[in-house]
Amino acid sequence: MSTTKKIAVGTLAAALGVTTLTACGGGSDKASGSGTGSKTVTLVSHDSFNASPAVLKEFTKRTGYTVKVLKSGDAGEAVNKAILTKGAPQGDVFFGVDNTLLSRALDNGLFEPYEAKGLDRVPDTVRLDKDKHRVTPVDTGEICVNYDKKYFADKKLAPPRTFDDLAKPAYKDLLVVENPERSSPGLGFLLGTAAKYGDDGWQDYWKKLKANGVKVVDSWELAYNQEFSGSAGGRKAKGDRPLVVSYASSPPVEVLYSEPQPAEAPTGVSTGTCFQQTEFAGLLTGAKNAEGGKALIDFLIGKTFQEDMPLQMFVNPVVKDAELPELFTKHGAEVAEPYTVAPEKIAEKRDGWIQTWSSLVLK
């Protein structure tokens, strides 16, 4: 959507606000919000959270709790809002903090430790807080540049494949990216360039991108659904940028929501630009319905929810036994070796990298 995506277009990028996802079998809640004895559990998340109504009904059937979702903007914005309300949270569980922002959330004490049931089915490689269990991995994905296949076919120009390609004159004024100060995909892309070019080289790379006409907007929604010519939303908005920072799993979105569905996705992925992302859920410190929150976290890594995610939020399950739908595997890109940055280095360097990026690109 986070993600990233975690990460759908149009209907999956809802406006800010509260969505109550009522499911059969749950009792009514007194007054508003969660509380002691409440049968409502409130999930705070980014705008791209989505789940099938039948899946949420299954959670209610199993536990007696009804889920209320509070959407709080892009992942970065949602984390910042959670930090501002820490100790008196707006909900019980937060979903959507990813590895690019995890240390910020943990350092601010957002989460209470909880070792989720079924965690043994989640690989150690994505359990970035496995000693303290303050967060639970829920999904993975790759932040990558997407391209508009029609544009490049019409221009008889090969689409870019790597970070180096994006700085070439052939791709001048074609790329739109998200501001890493405000957007999780934007931050992931910045970290990918740091992983590729190192502490001493990424700044020069961004100078080249700026000279090559890169456009910066505040959010994924603006970049993908307004500026990008390859998405359904972008075509409607007359977007003129055929390159955008999005996800390796974005092409299946364009197939799923097209009528009729095309045999081939209209967008592709530049697999040499991908950065690994993992999204987490955690029990918010001061949660009024901690027991309901724990039950919800258990459910998020259960097979029912994990198998629902790919065509709801267009992200990969973290559990080993989840099956992927054919549409997701057929049209999504496989990224053999995405770029990564160690969590400790992200914690140490992130804020400085963002500040330096701002001075280089925005001024």
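All values below come from the heavy atoms of this structure, side chains included, with hydrogens, waters and symmetry mates left out.
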- prompt: When you look at R350 and S103, which way does the side-chain hydrogen bond (donor to acceptor under 3.5 Å, both in side chains) test go after all the steps?
  reply: CA-CA 10 Å; R350 179 189 56 236; S103 64; 2.9 Å; yes

field: Trace of the salt bridge (charged side-chain N to carboxylate O under 4.0 Å, His left out) decision for D129 with R134
entry: CA-CA 7 Å; D129 191 48; R134 290 168 293 181; 2.8 Å; yes

- prompt: Would T304 and R62 count as a side-chain hydrogen bond (donor to acceptor under 3.5 Å, both in side chains) if you check the C-alpha gap in whole Å, the side-chain angles of each, and the deciding distance to 0.1 Å?
  reply: CA-CA 12 Å; T304 298; R62 294 182 193 179; 2.9 Å; yes

task: Could you please spell out the steps behind the side chain to side chain contact (heavy atoms under 4.5 Å, CB included) verdict for F95 and V44?
output: CA-CA 6 Å; F95 165 77; V44 182; over 6 Å; no

- request: Determine, step by step, whether F111 and V93 satisfy the side chain to side chain contact (heavy atoms under 4.5 Å, CB included) criterion, reporting the C-alpha distance in whole Å, the side-chain angles of both residues, the deciding distance to 0.1 Å, and the verdict.
  value: CA-CA 9 Å; F111 304 115; V93 173; over 6 Å; no

- request: Go through Q90 and T42 one step at a time and tell me if the side-chain hydrogen bond (donor to acceptor under 3.5 Å, both in side chains) criterion holds.
  value: CA-CA 8 Å; Q90 294 177 297; T42 300; over 6 Å; no

- request: Evaluate side chain to side chain contact (heavy atoms under 4.5 Å, CB included) for T100 paired with L102, printing each intermediate quantity in order.
  value: CA-CA 6 Å; T100 70; L102 182 60; over 6 Å; no

query: Taking it one step at a time, do N146 and T267 satisfy side-chain hydrogen bond (donor to acceptor under 3.5 Å, both in side chains)?
result: CA-CA 7 Å; N146 283 207; T267 59; 4.6 Å; no

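Taking the six-membered ring where tryptophan is involved, the planes of Y224 and W220 are essentially parallel, since the angle between them stays under 30° and well short of 60°.
Using modelled atom types and a 3.5 Å distance limit, the side chains of Q277 and S184 yield a donor-acceptor pair. Defined by atom type and a distance below 3.5 Å, a donor-acceptor pair is present between the side-chain atoms of E181 and S358. Using modelled atom types, one finds no donor on one side chain facing an acceptor on the other under 3.5 Å when comparing S231 with E254. Between the side chains of S219 and R182, no donor-acceptor pair of N or O atoms lies under 3.5 Å. If you check the side chains of T278 and N99, you find no donor sitting under 3.5 Å from an acceptor. Using modelled atom types, one finds no donor on one side chain facing an acceptor on the other under 3.5 Å when comparing D240 with Y151. Donor-acceptor pairing under 3.5 Å is lacking for the side chains of R161 and T273. Neither side chain, T162 nor D164, offers a donor N or O lying under 3.5 Å from an acceptor on the other.
In this structure, W206 has its ring center under 6.0 Å from that of F189. No close placement of the Y339 and F275 rings is indicated, their centers lying 6.0 Å or farther apart.
When all heavy atoms of R104 and I83 are compared, the closest pair comes out as CG-CD1, 3.7 Å. Among all heavy-atom pairs drawn from L157 and Y171, the shortest one is CD2-CE2, 3.9 Å. Here the closest heavy-atom approach between residue K303 and residue D321 is recorded as CE-O, 3.4 Å. Across all their heavy atoms, Y147 and S270 have their closest contact at CD2-OG, 3.6 Å. Smallest separation of non-hydrogen atoms from L324 and P310: CD2-CG, 3.7 Å. Closest of all the heavy-atom pairs between P338 and E142 is CB-CG, 4.0 Å.
At a threshold of 4.0 Å, the pair K150-D154 counts as salt-bridged, since one of the basic side-chain nitrogens sits closer than that to a carboxylate oxygen. Between D199 and K345 there is a salt bridge, with a side-chain nitrogen of the basic residue lying less than 4.0 Å from a carboxylate oxygen of the acidic one.
Between P317 and E307 the shortest side-chain heavy-atom distance does not fall below 4.5 Å. Side-chain atoms of N225 and K236, non-hydrogen and from C-beta on, never get closer than 4.5 Å to each other.
A cation-pi arrangement is absent between K196 and F163, since the terminal nitrogen or guanidinium carbon is not both under 6.0 Å from the aromatic centre and inside a 45° cone about the axis.
Y247 and V335 fall into different hydrophobic clusters, defined by Ile, Leu, Val, Met, Phe, Trp and Tyr side-chain heavy atoms under 4.5 Å apart, directly or through other members. Residues V255 and V269 do not share a hydrophobic cluster, defined by chaining ILVMFWY side chains whose heavy atoms lie under 4.5 Å apart. Grouping the Ile, Leu, Val, Met, Phe, Trp and Tyr side chains by contacts below 4.5 angstrom, directly or via other members, places L362 with L175.
Taken to the nearest 0.5 Å, the NZ atom of K215 stands 9.5 Å off from the CG atom of L222.
Checked options T140, I143, L191; the residue passing with Q276 is T140 (criterion: side chain to side chain contact (heavy atoms under 4.5 Å, CB included)).
In this structure, the side chain of K149 engages the main chain of A265 through a donor-acceptor pair within 3.5 Å.
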